[in-house]
Student: 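One structure follows; several queries about it will come next.
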There are 2 protein chains.
Amino acid sequence: MKTAPKSLKLLILSGIRRSLLDLGSATKVELSDKLGISFPTISKFLSQMEKDGEILSSGLDESSGGRRAKRYTYNPDYMLGLAIFLEKTETNYAIFNCAGEVKEQGTIQSVLTDSGMHLLTSSIEALLMANQAIRSLSIGVPGSVKNGRIFYMPGYEQFQDFDIKGYFENLFSIPVVVENDMNAAVLGYHHSKEIKNHQSLVYLYSGQNGPGAGFMINGDVVRGNTFFAGEVSFVPQYDDRNFREALENGTSHKEVLISRDNQVDAISRLVASITAIINPHTFIFCKDEVEGTLIEKIAAASSKYIPPEHLPVLAISDWKQDYLYGLQSLGLALMLDSPEKFIRK
Amino acid sequence: MKTAPKSLKLLILSGIRRSLLDLGSATKVELSDKLGISFPTISKFLSQMEKDGEILSSGLDESSGGRRAKRYTYNPDYMLGLAIFLEKTETNYAIFNCAGEVKEQGTIQSVLTDSGMHLLTSSIEALLMANQAIRSLSIGVPGSVKNGRIFYMPGYEQFQDFDIKGYFENLFSIPVVVENDMNAAVLGYHHSKEIKNHQSLVYLYSGQNGPGAGFMINGDVVRGNTFFAGEVSFVPQYDDRNFREALENGTSHKEVLISRDNQVDAISRLVASITAIINPHTFIFCKDEVEGTLIEKIAAASSKYIPPEHLPVLAISDWKQDYLYGLQSLGLALMLDSPEKFIRK
DNA sequence: TAAACTTATTAAAGGCCTTTAATAAGTTTA
DNA sequence: TAAACTTATTAAAGGCCTTTAATAAGTTTA
């Protein structure tokens, strides 16, 4: 129930930023109407932002019968974000601007090692020095995260309980967000596809440690009481097999592509279970795991279990791309709302 | 992204109300600290509220080394709420105050009939006339509700698409909330047990139309894309049976109490599925459907499917009572935040 | 083409909350 | 028991956003 009336100024600022980025461009009247903030206030903020180079004037509108209005756009390069993807075999990074354009991309060796933190720190430092406009840091990790702290990352126990967010915020005076890879991907899909009204999503993938899923319900990522949400391997599906066993049944080695009929039935049962429980709007598969023709088979098989009108849209998407989008949108949110303490002169 | 800076006054008012009810009583300094609102502002609001009879002075605190502070309490009878439960065979109502105490309770004949709306309207009117302090109306219905409008209520098609909220708000100039019975119950459990941190809940019940469940995830009730969320009957559980079929298997007539071993396995599989998907904190059964000893059997059976440390707390609760609590807390929220337009002089 | 009319922008006045200073009302200590 | 000290409350001054009035800069019409 805690509210912070102090931050009215920041609220207005982030409202203006978001609106300009959303709309592409706007006049003072348009911003005032959209945000419900008076014209003089908008005017005051815009003139300061123009002085700072945060917004640009893009000329005058055609007259609508009276004085022509000035039109403004957001300068997408005013602030940049740095996204870092920690993976087993390598570490990728991307520097992006407020319009979501990637300005620079690269790979360094994996930091998920014993002395990895030092390498990660020095790499970030170098990137920050070379790009003074960077104002946010988003880090994706293959593990559970709670308030920026690694909660559980199987295989990398040395990171257990490490407060990545706090560490880097202190070190670099820059807002930091840390998120699980799957949650970032479902978030990225949500933003990039411009899902409206907080429609619920499920993102299914086959990880090295068996299948898992990311959930977004009512606009929030679902983590679960013990961060076990999405461990759909364990869903009991047949008399004597759970989802994971049903998927693997009969195959000794792991195939990437899903194709056999018993696998189709297992997946359609999972779709049915999830539909009967949370009734999501869209169910997303990874494009390197599921082929287009398979989608129809899964849809047909699912409707044996659930009235078809309640089944979700089955979609195929690019997991890596969605992961990047997710870290971008988390970083963007930090930049647009960044509290004063982090603003560098 | 829409914010309403106009309502700062209402924000302060509802903050003060909630704090006084939460804490039982408070001084001006305590309120100012808790709400982050300056002392003079708190002081201004409190003196007006005391004039109105909305708060009461409960004397002076012991001195903590200086001038003794005045202590205030909320007058719980300043506003009352009316909760109405529409059921197949009868209609129950309860009038409650801001402390959640039921002041009056009663039953009228069912209004889920062809001419039921007139009866409901005249009954509410009579109750409002007799109790001028009523400032909110909460209506529970056995069907899907979307923004106060009946979306789907099997068996009562005459109510399809009827905007109950809009109708009564117009008619009586009083804020109205309409909610599905199961959602209200899970909400009521959430509030009455003072579940913290938005821990997720599942409420399982055996309705006349087969079993169903209510979900609360991250503090929000889950409705689903086509309002199908919670229709756990359809969860595929065995080679050739879904949850409903597994529960009924072998019984021709319906028993209220759950007891047989195959039923225990079906329920534990449902607990396992839901845990692997959303990993809730608590799983609630109805006390007239499940006996205490059965809980342990279910817990033991579930841990065959899921590592026990991730299993939810299994709880037994009184559905009717939780339903009432749910409608009460919905009504209370309306009263505490009620917009000016509804305030009667 | 100048008067009438629109619409955008700037300036002035007002409202409301916060910060700071002054006062009130206690308790503790020499 | 009066001076010193605490804490609550009230009063005054200041900041910030909104509302309203005035001005600027166009277009349309007679």
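To find a chain, count down the sequence lines: A is the first, B the second, and so on, and within it residues start at 1. Side chains included, hydrogens not; waters and symmetry mates left out as well; all remaining heavy atoms used. Being a predicted model, the structure only gives us computed values, none of them experimental.
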Student: Taking atom C1' of C:dT18 as reference, at what distance in whole Å does atom NZ of B:K44 sit?
Tutor: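 Value for this atom pair: 11 Å.
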Student: Going from CG on A:N75 to OG1 on A:T73, what distance comes out if it is rounded to the nearest 0.5 angstrom?
Tutor: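 If I round to the nearest 0.5 Å, the distance is 7.5 Å.
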Student: Could you tell me how far apart A:I12 (CD1) and D:dC17 (C1') are, to the nearest whole angstrom?
Tutor: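 Result: 7 Å.
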Student: Determine the minimum heavy-atom distance between A:L327 and A:F96, stating which atoms define it.
Tutor: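 Closest approach of A:L327 to A:F96: O-CZ, 4.4 Å.
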Student: Reckon B:T41 touches a base, only the sugar-phosphate, or nothing at all at heavy-atom distances under 4.0 Å?
Tutor: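 Base contact - B:T41 has a heavy atom under 4.0 Å of at least one base atom.
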Student: Roughly, in whole Å, what's the span from CD1 in B:I16 to C1' in C:dC17?
Tutor: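 Atom CD1 in B:I16 sits about 13 Å away from atom C1' in C:dC17.
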Student: Between the protein and nucleotides 5-15 of chain C, list the N/O to N/O atom pairs that are separated by less than 3.5 angstrom.
Tutor:
{"from": "C:dT6", "atom 1": "O4'", "to": "A:G65", "atom 2": "O", "distance (Å)": "3.4"}
{"from": "C:dT7", "atom 1": "O2", "to": "A:R67", "atom 2": "N", "distance (Å)": "3.2"}
{"from": "C:dT9", "atom 1": "OP1", "to": "A:K70", "atom 2": "N", "distance (Å)": "3.1"}

Student: Please confirm whether the shortest side-chain N or O distance from B:S38 to OP1 or OP2 of C:dT18 is below 4.0 Å.
Tutor: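 True: B:S38 side-chain N/O within range (under 4.0 Å) of C:dT18 OP1/OP2.
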Student: In whole angstroms, how far is the C1' atom of C:dC16 from the CD1 atom of B:I42?
Tutor: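 These atoms are roughly 14 Å apart.
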Student: So which heavy atom on A:V222 is nearest to which on A:N183, and how close?
Tutor: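 It is O-OD1, 4.4 Å.
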Student: Determine which nucleotide pairs with D:dC16, using a 3.5 Å limit on both distances of a Watson-Crick or G-U wobble pair.
Tutor: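 D:dC16 is paired, partner C:dG15.
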Student: When the distance from CG of A:L8 to C1' of C:dC16 is rounded to whole Å, what number comes out?
Tutor: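 Interatomic distance, CG of A:L8 to C1' of C:dC16: 12 Å.
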Student: Measure NZ/B:K9 against C1'/D:dC17 and give the value in whole Å, please.
Tutor: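 Distance check: B:K9 NZ to D:dC17 C1' gives 16 Å.
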Student: Let me know the distance between CG of A:D61 and P of D:dA25, rounded to the nearest Å.
Tutor: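 About 17 Å, once rounded to whole Å.
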Student: Can you tell whether the side chains of A:E62 and A:R71 come within less than 4.0 Å, N to carboxylate O?
Tutor: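 Answer for the salt bridge query: no.
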Student: Please determine if A:K165 and A:E169 form a salt bridge, counting it only when a charged side-chain N lies under 4.0 Å from a carboxylate O.
Tutor: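 Yes.
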Student: Does C:dT27 have a Watson-Crick or wobble mate here (both distances under 3.5 Å), and if so which one?
Tutor: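 D:dA4 - that is the nucleotide pairing with C:dT27, both distances being under 3.5 Å.
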Student: Show, in sequence, the C-alpha distance, side-chain angles and deciding distance for B:T27 and B:R68, and conclude whether the side chain to side chain contact (heavy atoms under 4.5 Å, CB included) test is met.
Tutor: CA-CA 10 Å; B:T27 66; B:R68 297 165 69 187; over 6 Å; no
Student: Considering Watson-Crick and G-U wobble pairs with both distances under 3.5 Å, what does C:dT10 pair with?
Tutor: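 C:dT10 is paired with D:dA21.
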Student: Taking all atoms of both residues into account, what is the closest heavy-atom pair of A:V177 and A:G331, and its distance?
Tutor: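 Looks like CG1-N, 4.4 Å.
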